[in-house]
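One structure is given below, encoded as structure tokens.
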Amino acid sequence: MFKKFKGNKLPYIIRISAAAILFTITILAFLPQFKPFAYILQINIGACAAKLIADFSLFALILLLIHLLIAFLFGSFYCSIICPLGILQDIMGLPAGKRNAAGKNCYYIRYIILAATVVIMISGVTAILMYVDPYSNFGNIFTGVLNIRQTVWTNFIPLVLLAGLVLWKKRIFCTTICPVGTVLGLCAKFGYKKMYISPEICKKCGQCEKECPTGAIKSDNMTLDNERCIRCMRCIAKCPGNGIKYGTIQQNTEFNPSRRDFIAAGAAAAFAIALWVKTKDIANAVIDSVKKRPICPPGAGSPERLARMCTNCGLCVEHCKGKIIQKPDADYETIHIDFRNGKCEYDCKNCSDVCPTGAIKKLSLAEKQNCRIGLVKLDYEKCTKCGLCAQICPKEAFIHKAGENPEYKANKCIGCGACEKICPSKAIEIISIIEQTQI
């Protein structure tokens with residue numbers, strides 16, 4: 001029964017199986033009934049890096065170092081097994097077959113993108129990850145599909161762009177744009193175990209080069225670029241002569257950078273230094289982009305902080321029990337609360353629990369229940385003096401006497417929206433505040 005697993009196909013089968021399991025877990029993590037899986041997504045490299053900036057986390061630092069150590073020891077298996085955007089690209093690339101593999105080594109571009117990402121994040125704008133981080137992009141794409149009726153057309157731009165890149169050059173996003181792939185690739189390039197072509201066995205048939213989705217293999221001169229190799233194991237599975245190996249290379253591996261390596265590194269460094277000078281302008285530009293002040297999920301702090309930190313992965317949107325957290329739209333350029341469909345449930349802190357980047361801070365239930373996210377604007381001309389607001393308010397911010405307008409105690413209000421939802425005359429509106437506080 002194990003005949004079909006003989007030979008060099010076994011590593012590929014194991015890799016595909018592991019990737020399928022983790023990809024399924026990632027999808028389930030966006031569904032409210034599978035909330036425990038959402039915690040698993042917090043191990044991703046982009047989230048760990050963002051947490052170090054947003055609110056220093058020793059756990060995030062340890063996880064980040066573990067990822068780098070694994071890449072150094074074994075290579076970029078993260079990109080072919082753990083990364084959901086990578087697996088999605090493999091699925092999208094199936095129609096292209098063996099054609100259109102990413103060919104040219106665009107090392108200048110990827111080093112400059114990495115340098116820019118690091119500098120902008122250090123300046124406090126971790127929201128840059130929404131454009132280049134694989135997890136954030138996957139979350140943005142997947143939640144856009146889940147909420148297709150509520151999603152504005154601009155939220156489908158990442159999906160369209162990704163599909164175009166995949167059909168054009170397969171995994172070119174991973175080898176040219178993704179800063180996570182760049183960092184892991186550098187670890188793998190100078191790491192312990194590598195992929196390599198055995199010159200004694202290789203027949204130069206070119207099958208491995210056709211299969212490689214990253215363009216890391218050149219069969220004519222029998223070279224394999226471990227910096228771009230994502231350890232997908234396709235080349236090992238397809239090599240008819242078992243000429244591609246994985247292990248330690250018995251040769252001199254002393255670091256001897258070429259001239260182009262120095263030029264690429266110098267260009268990235270120069271770009272980073274120039275960008276560093278402009279970091280305050282970048283941060284201020286993000287803050288200025290908050291045209292209309294939204295109401296933010298508890299733990300976000302302020303609209304400006306959320307705009308700087310949120311990578312728009314969509315986990316909080318899917319796990320919100322009250323279904324009031326919305327993705328960016330024509331009115332608001334970041335995640336925000338819309339009370340038209342519900343209220344912020346008093347016993348729920350899902351958004352705080354599942355946020356992988358620290359854009360929404362971790363709050364205990366008691367802290368969440370005392371976190372003011374807005375205030376009430378009461379129109380007494382519309383008020384029917386029914387007293388429902390006083391009955392529903394979990395913080396007793398309204399005092400009502402029969403036949404009289406309710407008395408509103410702003411110092412007790414957390415802006416949860418329960419009163420706005422139940423008010424029959426639409427006399428109550430929750431309005432945004434400058435910064436969230438604990439009452």
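Predicted model, so just to flag it, every value in this text is computed and none were measured.
Taking OG1 of Thr311 as the reference point, atom CG of Asn137 lies at 9.0 Å (rounded to 0.5 Å). Atoms SG and CG, on Cys187 and Leu69 in that order, are 9.0 Å from each other to the nearest 0.5 Å. Rounded to the nearest 0.5 angstrom, Asn140 CG and Leu162 CG are separated by 11.5 Å. Rounding to the nearest 0.5 Å gives a distance of 8.5 Å between CG of Asp133 and CE of Met121. To the nearest 0.5 Å, the span separating NE2 on His400 from SG on Cys393 amounts to 14.0 Å. To the nearest 0.5 Å, atom CD1 of residue Ile62 and atom CG of residue Leu58 are 4.0 Å apart.
Side-chain atoms of Tyr192 do not come within 3.5 Å of backbone N or O of Thr248 as any donor-acceptor pair. Listed for the Asn226 side chain is no donor-acceptor partner under 3.5 Å among the backbone atoms of Cys229. Not one N or O on the side chain of Thr214 forms a donor-acceptor pair closer than 3.5 Å with the backbone of Arg171. Counting only distance, with no hydrogens or angles, the side chain of Lys323 and the backbone of Glu318 share a donor-acceptor pair below 3.5 Å. Judged purely by atom type and a 3.5 angstrom limit, Arg308 has no side-chain atom pairing as donor or acceptor with the backbone of Thr126. Here the side chain of Arg15 pairs no donor or acceptor atom with the backbone of Ile81 at under 3.5 angstrom. Side-chain atoms of Glu435 never come within 3.5 Å of backbone atoms of Ser302 as a donor-acceptor pair (strictly under, hydrogens ignored). Judged by distance alone, the side chain of Ser76 and the main-chain N or O of Ile230 form no donor-acceptor pair under 3.5 Å. Arg231 contributes no side-chain N or O that, together with a main-chain N or O of Ser80, makes up a donor-acceptor pair within less than 3.5 Å. Side chain of Ser352 to main chain of Lys361: a donor-acceptor pair is present (N/O by atom type, distance under 3.5 Å, no hydrogens or angles).
Under the 4.0 Å criterion applied to side-chain N and carboxylate O atoms, Asp379 and Lys426 are not assigned as salt-bridge partners. For the pair Lys194 and Glu227, the salt-bridge criterion is not met [side-chain N within less than 4.0 Å of a carboxylate O]. In summary, Arg234 and Glu211 engage in a salt bridge, as defined by a charged side-chain N under 4.0 Å from a carboxylate O.
Contact of the Leu184 side chain with the Tyr78 side chain is registered, since non-hydrogen atoms from C-beta on lie closer than 4.5 Å. Contact of the Cys232 side chain with the Pro213 side chain is registered, since non-hydrogen atoms from C-beta on lie closer than 4.5 Å. Within the 4.5 Å cutoff, no side-chain heavy atoms of Lys193 are placed close to those of Leu73. For the pair Ile113/Thr182, no side-chain contact is recorded, criterion being any heavy-atom separation below 4.5 Å from C-beta on. Between Ile27 and Phe142, some side-chain heavy-atom pair lies under the 4.5 Å cut-off. In this structure, the side chains of Cys174 and Cys79 stay at 4.5 Å or more apart for every pair of heavy atoms. Looking at Lys170 and Ile172, their side chains never come closer than 4.5 Å, going by heavy atoms from C-beta outward. For the pair Thr357/Cys355, a side-chain contact is recorded, criterion being any heavy-atom separation below 4.5 Å from C-beta on.
Surrounding CD1 of Ile434 are at most 12 heavy atoms belonging to other residues, nucleotides or ligands under 6.0 Å away. Under a cut-off of 6.0 angstrom, the local environment of OH in Tyr346 is crowded, with over 12 non-hydrogen atoms contributed by other residues, nucleotides or ligands. No more than 12 heavy atoms of other residues, nucleotides or ligands shown are found within 6.0 angstrom of CD on Glu396. More than 12 heavy atoms of other shown residues, nucleotides or ligands fall within 6.0 angstrom of atom OH in Tyr246. With a 6.0 Å radius and a threshold of 12 heavy atoms from other residues, nucleotides or ligands, Tyr39 has its OH atom above the threshold.
Residue Leu52 comes nearest to Ser57 through the heavy atom pair CD2-O, 3.4 Å, listed as atom of the first residue, atom of the second, then distance. Nearest heavy atoms, Met195 versus Cys235: CE-SG, 3.6 Å. Between Lys321 and Cys348, the shortest heavy-atom contact is CB-SG, 3.6 Å. Nearest heavy-atom pair, Cys48 versus Ile43, reported as atom, atom and distance to 0.1 Å: SG-O, 3.8 Å. When all heavy atoms are compared, the tightest approach of Cys310 to Ile335 is SG-CG1, 3.5 Å. Contact between Cys351 and Ile325 at its shortest, heavy atoms only, is CB-CD1, 3.7 Å.
For the 3.5 Å distance criterion, the side chains of Lys51 and Gln42 qualify, holding a donor opposite an acceptor. Side chain to side chain, Asn341 and Lys421 fail the donor-acceptor criterion of an N or O pair below 3.5 Å. Side-chain contact of Asn105 with Arg110: a donor-acceptor pair under 3.5 Å is present, judged by distance alone.
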If you apply the rule side chain to side chain contact (heavy atoms under 4.5 Å, CB included), what do you find for Val376 with Glu429, and how did you get there? CA-CA 6 Å; Val376 164; Glu429 178 188 0; over 6 Å; no
Please report the C-alpha distance between Met309 and Val125 in whole Å, then the side-chain angles of each, then the deciding distance to 0.1 Å, and finally whether the side chain to side chain contact (heavy atoms under 4.5 Å, CB included) criterion is met. CA-CA 6 Å; Met309 300 294 181; Val125 186; over 6 Å; no
Side chain to side chain contact (heavy atoms under 4.5 Å, CB included) between Leu64 and Ile45: does it pass, once the steps are laid out? CA-CA 6 Å; Leu64 190 59; Ile45 292 177; 3.6 Å; yes
After noting the C-alpha distance and the side-chain angles of Lys35 and Val354, does the key distance pass the side chain to side chain contact (heavy atoms under 4.5 Å, CB included) rule? CA-CA 8 Å; Lys35 180 183 172 183; Val354 303; 4.2 Å; yes
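Just one of Leu161, Leu85, Val166 meets the side chain to side chain contact (heavy atoms under 4.5 Å, CB included) condition when paired with Phe173; it is Leu85. Partner of Cys316 under the side chain to side chain contact (heavy atoms under 4.5 Å, CB included) criterion, out of Thr143, Asn350, Asp353, Ile360: Ile360 alone. Tested against Thr334, the residues Pro294, Cys296, Pro303 include a single side chain to side chain contact (heavy atoms under 4.5 Å, CB included) partner, Pro294.
Ring pair Phe23/Phe138: centre-to-centre distance below 6.0 Å.
Relative orientation of the Tyr107 and Tyr111 rings is tilted, given thresholds of 30° and 60° on the angle between their planes.
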